[in-house]
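In this chain, residues are counted from 1 in sequence order.
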Amino acid sequence: MAKLSELLREHTTLDRDQVGHLNRLVSEWGMLADFCFSDLMLYVPTTDGRWGVVAQVRPATGQTMYHTDFVGAWASESEMALLDKALSSGQPVEGEITSDEVPPDTHLLAIPVAYEGKPIAVLSREWIEQGGRRQGELERAYWSIFERFEKMVVDGVFPFPQRAGDSSAAPRVGDGVMLLDGNAEVQYVSPNANSALHRVGIQASAIGMRLSELGFHDGPVRQAFERHEPVIEEFEQAPQITLLCRAVPFLDGDDVPGAVLLIRDVTELRKRDRLLLSKDATIREIHHRVKNNLQTISSLLRLQARRLTHPEAIAAVGESVRRIRTIALVHEALSREPGDDVTFMEIVRPLLRLAEEGLQSPDRPVRFTVQGDGGRIPAAIATPLSVVLTELLQNAVDHGFPEGSGGGAVVVRLSNDGDAMHVQVIDDGRGVDGNFKLDDATGLGLSIVRTLVTTELNGTIDMRPLAPADAAAAGLDVETTKRGTVVELSVPVHDEE
């Protein structure tokens, strides 16, 4: 379905400000549909002399008359007659319409939408006339509210030039309505609004009283009267009771003859928000404590290594320390970031520093760099993926740049397409034999990598000799780089259904 702005650009000559006025109307008119219990459509005169439907809304307070969308359709002859008259006269016009697409006895109220004193479109209220049924008090009150907004649309003062906060999160008509007169005295209270008053301990009849006299917070209403624009405010009306209110003033020239106050009880929503915040803070604190415990274990292992004399034992403890520090880095990153995912680059950079500190030596200087951006990944895969990367970095240094080799470069390339994380570890070291198969590797490091990637991460991994295209992509000198190794792995990062 085409967007409102696209339809207006394609079929009308309305300028930017006029299009903005209609966009604001469409963002607010759900409230109007609820007050009049009817379907609303927005018609615009097109450049070829027709009338087109550019927007449509259904009421949440009543049954819709149209089960299909008419956006992009053209008005019938009977509709065009009413629309032309409303646009030319600048006043609402009501009449019966006939068409193959509308039920019998369908009535249309054509309301000209004015901007800066000139009608630019027509808002239609469409309903089926039903006789013999008396309106209840709620319907009469809502109708009176709609008629006031109808006059404001004709006068060009609704929708308001400024939007007070996010109206999509504001209370709806079905949540609760209070109608106020020009003195801010309550004229009508809907059943849902009355229930909200009872929940905050206000049992007295509100009719004829001001909100302040009832002990109800009247800040939004006072500001709406003073500023001549809607005001949204959330406040605690009573202990453990949170209300979200939106005060919309009626405008008549420079006067404010009244306002409508929409009330929504958001107590349970805010309780859930607080629980989520508390849960998130608890999880981050757990990650922080796990990181501290892992650092303690790492320190104890380093102390133990100083008492060892066998070179293989010292090397084994050193590798264990690096793996533990890698996991600690992940928990440190998770302790800083809210939510269930983490920015992978926040882990990769410290991992490269860790590799520089622990794997280099003066006679084999190795330069570590990272390219690309891994985006955010779920916390569940952050730890095993980080361990895999640490093992690959260590493997690249140990096997690609033996002691006395003169060192070289290791490049980590990252990309994330939303479905999978793609990692390349490229080095310009001794290189791997062309017949090498990762499945035949017996070393502990590559065995850990293969197991984590294929089982825990459910990904794929491949190791092959460096090609000139790989060297160029990694920013290595293709002319001088004759050997090297490329390790490619791909790990799913989306949640499986």
Problem - Heavy-atom check, side chain of Leu414 versus side chain of Val370, under 4.5 Å - result: yes
Practice task
Return yes if a side-chain donor-acceptor contact under 3.5 Å exists between Ser89 and Gln91, otherwise no.
Solution key: no
Problem - With Leu393, the side-chain contact (heavy atoms from CB on, under 4.5 Å) member among Val487, Val388, Val410 - result: Val410
Exercise for the section: Check whether the side chains of His422 and Asp417 place a donor and an acceptor atom closer than 3.5 Å, and report yes or no. Expected result: yes
Handout entry: Pair Trp74 + His11: ring centers closer than 6.0 Å
Key = yes
Exercise for the section: Quick one: closest heavy-atom pair of Val411 and Ala474, and the distance? Expected result: CG2-O, 3.8 Å
Practice task
Could you tell me whether Arg246 and Glu28 make a salt bridge, using a distance below 4.0 angstrom between a side-chain N and a carboxylate O?
Solution key: yes
Practice task
Give a yes or no on whether the backbone of Val221 and the side-chain of Asp218 come within a donor-acceptor separation of less than 3.5 Å.
Solution key: no
Exercise for the section: List the atom of Pro350, the atom of Met345, and the distance in Å for their closest heavy-atom pair. Expected result: CD-O, 4.3 Å
Problem - Side-chain heavy-atom pair Phe344, Leu385 within 4.5 angstrom cut-off - result: yes
Fill in the blank from the handout: d(Asp373 CG, Arg413 CZ) to nearest 0.5 Å is 13.5 Å
Practice task
May I ask you to check whether Phe70 and Tyr66 place their ring centres under 6.0 Å from each other?
Solution key: yes
Completion exercise
Separation between CZ (Phe158) and CZ (Arg148), nearest 0.5 Å, reads 14.5 Å
Problem - Within-4.5 Å side-chain heavy-atom neighbours: Leu8 and Val44 - result: yes
Handout entry: Residue pair Asp39 / Trp127, side-chain heavy-atom distance below 4.5 Å
Key = no
Handout entry: Neighbour count >12 (heavy atoms, 6.0 Å) for atom CD, Glu137
Key = no
Problem - Salt bridge Asp252-Lys151, side-chain N to carboxylate O under 4.0 Å - result: yes
Practice task
Verify the distance criterion only: is there a donor paired with an acceptor across the side chains of Glu79 and Ser76 at less than 3.5 Å?
Solution key: yes
Completion exercise
Rounded to the nearest 0.5 Å, the CZ atom of Arg210 sits from the CD atom of Glu185 at a distance of 6.0 Å
Practice task
Hey, could you give me the SG/CE distance between Cys36 and Met31, rounded to the nearest 0.5 Å?
Solution key: 11.0 Å
Exercise for the section: Please tell me if the side chains of Pro230 and Phe160 come closer than 4.5 Å, counting only heavy atoms from C-beta onward. Expected result: yes
Problem - Under 3.5 Å side-chain donor-acceptor pair for Glu233 and His217 - result: yes
Exercise for the section: Tell me, with the steps shown, if Arg58 and Asp69 meet side chain to side chain contact (heavy atoms under 4.5 Å, CB included). Expected result: CA-CA 10 Å; Arg58 297 178 175 88; Asp69 288 321; 3.2 Å; yes
Practice task
Report yes if the distance between the aromatic ring centroids of Phe37 and Phe146 is under 6.0 Å, otherwise no.
Solution key: no
Exercise for the section: On the 0 to 90° scale, with breaks at 30° and 60°, tag the Phe149-Phe35 ring pair as parallel, tilted or perpendicular. Expected result: parallel
Practice task
Begin with the C-alpha distance, continue with both residues' side-chain angles, and end with the deciding distance and a verdict on side-chain hydrogen bond (donor to acceptor under 3.5 Å, both in side chains) for Asn192 and Ser190.
Solution key: CA-CA 6 Å; Asn192 285 344; Ser190 73; 5.8 Å; no
Exercise for the section: Classify the side-chain pair Asp265/Thr242 by whether it contains a donor and acceptor separated by less than 3.5 Å. Expected result: no
Practice task
Rounded to the nearest 0.5 Å, what's the gap from CG on Asp17 to CD on Glu116? Could you check?
Solution key: 6.5 Å
Practice task
Quickly, which of Thr454, Val423, Leu457 forms a side-chain contact (heavy atoms from CB on, under 4.5 Å) with Leu489? Name it, please.
Solution key: Val423
Problem - pair Met65-Glu126: side-chain heavy atoms closer than 4.5 Å - result: yes
Exercise for the section: Answer whether the closest heavy-atom distance between the side chains of Pro112 and Leu87 falls below 4.5 Å. Expected result: no
Problem - Spacing of CG belonging to Leu243 relative to CG belonging to Leu261, to within rounding of 0.5 Å - result: 9.5 Å
Exercise for the section: Could you tell me whether Arg199 atom CZ has more than 12 heavy atoms of other residues or ligands within 6.0 Å of it? Expected result: yes
